[in-house]
Visitor: 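One structure follows; several queries about it will come next.
Given the structure is predicted, the values throughout are model-derived calculations rather than measurements. Numbering of residues begins at 1 and proceeds along the displayed sequence.
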Amino acid sequence: DEKVDNKAPELFIKSPINTSYSETPSFNLSSSEPLESANISLEGEGTVGLQRVNSTYFYDDSLNLSAGEYSVNFSAKDLAGNIRENSVEFTLDKENPSLKPVGPQRCQVLQGMFNVSAEWSDNREIASSSFVISNTTFSDSGNLNMSYNSSRLNGEYNITYRVEDE
């Protein structure tokens, strides 16, 4: 009594996931059982065969995609010829947000309370914005605009601004 395998393999997409990347992600797939082959399809890129690491793990890190939104279709065939497809969407955002420090001005002598402010913009949502002064980090949602008491400082200090997109 011979058992026939007519069940498609389970696929586990390791990368990319449904998020935003600043560089082209690698494409990684594993399976619940040995596979004969695996590939991906991307609009504008056609079908790309994934490289075999072992019988259940495949990858490709050779693509260099342009910025944009992508839907990638993973397809795998097990040793019995059963095919399973899964897809995932991701965004490729290769542009950093712009950041413009507003105040205080370079080499400005400060006394009492002063504002630390900066403006930023980006084509995506901003995940975080902050500044660091005297080894202390201050965060704000939206454009940075916070008051700081100069009596905590004596001497010359640098202010480091940071903004990160999603």
Visitor: Are the side chains of T91 and N18 in contact, using a 4.5 Å heavy-atom criterion?
Guide: no

Visitor: In Å and rounded to the nearest 0.5 Å, what is the NZ to CD distance from K100 to E119?
Guide: 5.0 Å

Visitor: Would you give the length of the straight line joining atom CZ of F90 to atom CD of E69, rounded to the nearest 0.5 angstrom?
Guide: 10.5 Å

Visitor: Does V132 offer a backbone N or O that forms a donor-acceptor pair with the side chain of R162 under 3.5 Å?
Guide: no

Visitor: Could you tell me whether a side-chain N or O of S31 sits under 3.5 Å from a main-chain N or O of E10, the two making a donor and an acceptor?
Guide: yes

Visitor: Backbone N or O of L65 within a donor-acceptor pair of the T24 side chain at under 3.5 Å?
Guide: yes

Visitor: Say you draw a straight line from CZ of F27 to OG of S62; how long is it, rounded to the nearest 0.5 Å?
Guide: 9.0 Å

Visitor: Is Y59 linked to I17 within one hydrophobic cluster, defined over Ile, Leu, Val, Met, Phe, Trp and Tyr using a side-chain heavy-atom separation of less than 4.5 Å?
Guide: no

Visitor: Look at the side chain of R84 and the backbone N and O of A8, then say whether any donor-acceptor pair between them is shorter than 3.5 Å.
Guide: yes

Visitor: Taking atom OG of S75 and atom CG of L11, what is their separation to the nearest 0.5 Å?
Guide: 8.0 Å

Visitor: State, to 0.1 Å, how close P16 and F74 come at their nearest heavy-atom pair, and which atoms those are.
Guide: CD-CZ, 4.0 Å

Visitor: Would you mind listing every ring pair (Phe, Tyr, Trp, His ring centres under 6.0 Å) that reaches into residues 91-118, with sequence neighbours excluded?
Guide: F114-Y148

Visitor: Within the distance-only criterion (no hydrogens, no angle test), does the side chain of D5 pair as donor or acceptor with the backbone N or O of K7 below 3.5 angstrom?
Guide: yes

Visitor: Measure from the side-chain N and O atoms of S15 to the backbone N and O of S26, and report whether any donor-acceptor pair falls under 3.5 Å.
Guide: yes

